[in-house]
Participant: 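Please read through the structure below; I'll follow up with questions.
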Amino acid sequence: MSKPNNQKIIDYTGPERIFSGVQPTGDLHLGNYLGALKKFADLQHDYECVFCIVDLHAITVWQDPKTLADQTRQIASAYLAAGVDPKKAIIYPQSTVLAHTELAWYFNCVARVGWLSRMTQFKEKSGKNAEAMSVGLYDYPVLQAADILAFKATHVPVGEDQKQHLELSRDIAQKFNHDFNAPGFFPLPEPLIKGPGARVMSLRDGTKKMSKSDPSDKSRINLTDDADTIAKKIRKAKSDAGEIPATLSEMEGRPELKNLVSIYSAFSGLSDQEVLTKYEGKGFGVFKPALADLSVETMHPITARMNNFLANPDEVDKILAKGAEDAANIAAPIVAEVRKIIGFWGA
Ligand code: AMP
Ligand code: TRP
């Protein structure tokens with residue numbers, strides 16, 4: 001993983017720290033793996049890393065109390081299967097560390113209504129029903145800022161869809177530092193988005209992002225899919241009648257081709273151009289089976305490891321309990337300082 005850009009962590013002199021989170025809702029897919037989990041596993045070798053399962057974010061829409069804890073174990077299992085090592089990185093459920101909700105309240109009083117009203121993800125998720133959504137769903141990005149800044153995290157590996165939320169986190173950090181005359185207290189966290197998996201598109205429509213909420217299961221590769229299913233979904237992925245071109249510019253206007261090439265590139269470590277050079281002039285009849293093989297080769301071991309962890313929930317629970325303790329030990333003193341800075345009695 002290349003060295004993160006430090007330009008914008010203005011005035012902050014504390015250590016570099018990575019924080020990210022995934023919601024325990026629905027099956028994870030290839031987009032989550034390439035956009036998030038794979039980066040987590042890469043970064044843990046070079047940085048102090050904190051990886052959260054954001055169950056407080058999950059309940060901004062209804063979650064069945066009977067399954068929420070299992071959904072949390074499932075994401076933890078996916079982190080572990082993707083290669084996150086609990087000896088190197090902290091893995092824990094958000095609801096176990098009270099610093100998140102406490103700091104979110106303070107940030108509610110820093111963030112402006114106008115800032116939140118510009119968040120495109122809320123608009124996408126609520127559609128024409130904004131009035132009927134929970135206040136939590138609207139406030140979701142403020143809690144996300146609290147997640148990151150409760151750890152004074154400097155870098156946040158996420159998919160491209162989280163860019164706007166990260167900008168909001170920086171605005172909140174900056175306004176807090178400014179309003180309370182505490183220059184450099186919070187870093188201005190930088191997203192780590194680059195890479196071939198930053199925006200994996202649907203296998204049925206190359207203009208739509210691969211998503212848990214797409215009604216068609218064929219649009220995504222789930223981390224729980226078996227080898228046959230993965231191969232079938234890739235072979236049946238939407239494509240066009242053309243051949244694989246020689247140059248990147250010839251991929252313009254061919255979103256499905258672009259998506260499949262970038263998936264190939266993420267799996268193989270080749271650049272998009274190298275993938276084109278390898279398959280130039282060949283049809284999808286050649287390219288898709290090759291991609292199917294490569295996908296199975298990469299994804300199948302992860303699925304197998306994930307199933308292994310799912311079959312051993314006690315082991316996962318131990319990791320989460322230890323992670324919760326370690327996470328609280330970092331976040332509690334930071335939030336205690338925030339109380340002092342705000343000027344609360346007894347702080
Ligand atoms: P979510 O499942 O929405 O909680 O997303 C978890 C992580 O996966 C976040 O970092 C997202 O940005 C990332 N992610 C979700 N969908 C995609 C996608 N289609 N391509 C790349 N990254 C994604
Ligand atoms: N909003 C993120 C998503 O939907 C999940 C998330 C919550 C997160 N808190 C975070 C990601 C903090 C990075 C850092 O994918």
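In each ligand, atom 1 is the first atom listed, and ligand 1 is the first ligand listed. Please read these numbers as outputs of a predicted model, since none were measured by experiment.
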Participant: Which residue supplies the protein heavy atom nearest to atom 9 (N) of ligand 2, what is that atom called, and how far is it?
Facilitator: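 Answer, as residue, atom name and distance: D147 OD2, 2.7 Å.
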Participant: Closer than 4.0 Å and a protein heavy atom, does any atom meet both conditions relative to atom 3 (O) of ligand 1?
Facilitator: no
Participant: Counting only heavy atoms, which portion of A198 has something under 4.0 Å from ligand 1: side chain, backbone, both, or neither?
Facilitator: backbone
Participant: Could you list which atoms of ligand 2 come closer than 4.0 Å to a heavy atom of V156?
Facilitator: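 Those of ligand 2 that fall under 4.0 Å from V156 are 13 (C), 14 (C).
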Participant: For residues Q44 and D85, is any side-chain donor paired with an opposing acceptor at under 3.5 Å?
Facilitator: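 Note: Q44 and D85 side chains miss the donor-acceptor criterion.
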Participant: Which ligand 1 atoms are under 4.0 Å away from a heavy-atom of A36?
Facilitator: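 Checking each atom against A36, I get 7 (C), 8 (O), 10 (O).
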Participant: Which is it for M210 and ligand 1 at heavy atoms under 4.0 Å: side chain, backbone, both or neither?
Facilitator: both
Participant: Hey, which atoms in ligand 1 end up nearer than 4.0 Å to a heavy atom of V200?
Facilitator: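 Answer, ordered by atom number: 18 (C), 19 (N), 20 (N), 21 (C).
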Participant: Which of the listed options, L34, N32, V22, holds the heavy atom that is closest to atom 13 (C) of ligand 1?
Facilitator: N32
Participant: Other residues, nucleotides and ligands only: do more than 12 of their heavy atoms fall within 6.0 Å of NZ on K212?
Facilitator: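 More than 12 heavy atoms, drawn from other residues, nucleotides or ligands, come within 6.0 Å of this atom.
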Participant: List ligand 1 atoms under 4.0 Å from G35, heavy atoms only on the residue side.
Facilitator: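 Heavy-atom distances to G35 below 4.0 Å select 21 (C), 22 (N).
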Participant: Under 3.5 Å, is there a donor on one side chain and an acceptor on the other for N307 and R305?
Facilitator: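 There is no such pair (donor and acceptor under 3.5 Å, judged by atom type) between the side chains of N307 and R305.
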Participant: Checking a contact table here: which protein heavy atom is nearest atom 23 (C) of ligand 1, and how many Å away?
Facilitator: G31 O, 3.4 Å
Participant: Counting non-hydrogen protein atoms only, what is the nearest one to atom 5 (C) of ligand 2? Give residue, atom name and distance.
Facilitator: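 I find the closest protein heavy atom is G21 O, 3.5 Å.
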Participant: Going by atom types alone, do Y106 and E102 pair a side-chain donor with an acceptor below 3.5 Å?
Facilitator: yes
Participant: So if I count the atoms of ligand 1 from 1 in the order they appear, which ones are less than 4.0 Å from some heavy atom of K209?
Facilitator: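 So the atoms of ligand 1 that pass are 19 (N).
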Participant: Do E16 and H155 meet the criterion of a side-chain donor-acceptor pair at a distance under 3.5 Å?
Facilitator: no
Participant: Say whether E250 and T247, considering side chains only, have a donor N or O and an acceptor N or O under 3.5 Å apart.
Facilitator: yes
Participant: Do me a favour and list the nearest non-hydrogen protein atom to atom 9 (C) of ligand 1 with residue, atom name and distance?
Facilitator: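 Closest protein heavy atom to atom 9 (C) of ligand 1: G159 N, 4.1 Å.
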Participant: Under 4.0 Å from a heavy atom of Q162: give me the atoms of ligand 1 that qualify, with their elements.
Facilitator: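 By the 4.0 Å cutoff, the relevant atoms are 12 (O).
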Participant: Do Q71 and Q23 meet the criterion of a side-chain donor-acceptor pair at a distance under 3.5 Å?
Facilitator: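 Side chains of Q71 and Q23: no pair found under 3.5 Å.
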Participant: Number the atoms of ligand 2 from 1 as they appear, then name those within less than 4.0 Å of a heavy atom of Y140, with their elements.
Facilitator: 1 (N), 2 (C), 3 (C), 4 (O), 5 (C)
Participant: Check each of K125, H165, Q144 against atom 10 (C) of ligand 2 and report the one with the nearest heavy atom.
Facilitator: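 Shortest heavy-atom distance from atom 10 (C) of ligand 2: Q144.
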Participant: Regarding T120 and Q164, is there a side-chain donor-to-acceptor distance under 3.5 Å anywhere?
Facilitator: yes
Participant: Considering distance alone, does some N or O of Q162 sit under 3.5 Å from an N or O of ligand 2?
Facilitator: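 The answer is yes, given that Q162 and ligand 2 share an N or O pair closer than 3.5 Å.
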Participant: Strictly by modelled atom types, are S211 and D214 linked by a side-chain donor-acceptor pair under 3.5 Å?
Facilitator: no
Participant: Any N/O of M201 closer than 3.5 Å to an N/O of ligand 1?
Facilitator: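 N/O-N/O distance under 3.5 Å: no.
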Participant: May I ask you to check whether N108 and D139 show a side-chain donor-acceptor distance below 3.5 Å?
Facilitator: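 Note: N108 and D139 side chains meet the donor-acceptor criterion.
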Participant: Between D161, D214, V158, which one has a non-hydrogen atom sitting closest to atom 12 (O) of ligand 1?
Facilitator: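 Residue with the shortest heavy-atom distance to the ligand atom: D161.
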Participant: Starting from the C-alpha separation in whole Å, work towards a yes-or-no answer on side chain to side chain donor-acceptor pair (under 3.5 Å) for S77 and Q74.
Facilitator: CA-CA 5 Å; S77 302; Q74 193 176 2; over 6 Å; no
Participant: Atoms of ligand 2 less than 4.0 Å from V158 heavy atoms?
Facilitator: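 Taking each heavy atom of V158 in turn, ligand 2 has 11 (C), 13 (C) under 4.0 Å.
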Participant: Going through the distances and angles, do Y279 and Y264 end up as a ring-ring contact (aromatic ring centres under 6.0 Å, His included)?
Facilitator: CA-CA 11 Å; Y279 289 98; Y264 194 108; 5.4 Å; yes
Participant: Looking at Q23, which atoms of ligand 2 are within less than 4.0 Å of one of its heavy atoms?
Facilitator: 4 (O)
Participant: Need the ligand 1 atom indices (1-based, order shown) with element for anything under 4.0 Å from a heavy-atom of R199.
Facilitator: 20 (N), 21 (C)
Participant: Looking only at protein heavy atoms, which one is nearest to atom 16 (N) of ligand 1, and how far off is it?
Facilitator: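 Of every protein heavy atom, H29 CE1, 3.5 Å lies nearest to atom 16 (N) of ligand 1.
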Participant: If only side-chain N and O atoms count, and only distance matters, is there a donor-acceptor pair under 3.5 Å linking N222 with H29?
Facilitator: no
Participant: What part of V22 sits under 4.0 Å from ligand 2 if we count only heavy atoms: the side chain, the backbone, both or neither?
Facilitator: neither
Participant: Is it true that T277 and Q273 share a donor-acceptor pair across their side chains at a distance under 3.5 Å?
Facilitator: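 The answer is yes; a qualifying pair exists.
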Participant: Tell me yes or no: between the side chains of D205 and T207, is some donor less than 3.5 Å from an acceptor?
Facilitator: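 Yes.
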Participant: Check this for me - ligand 1, L28, N or O atoms closer than 3.5 angstrom, yes or no?
Facilitator: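 Min N/O separation from ligand 1 is not below 3.5 Å for L28.
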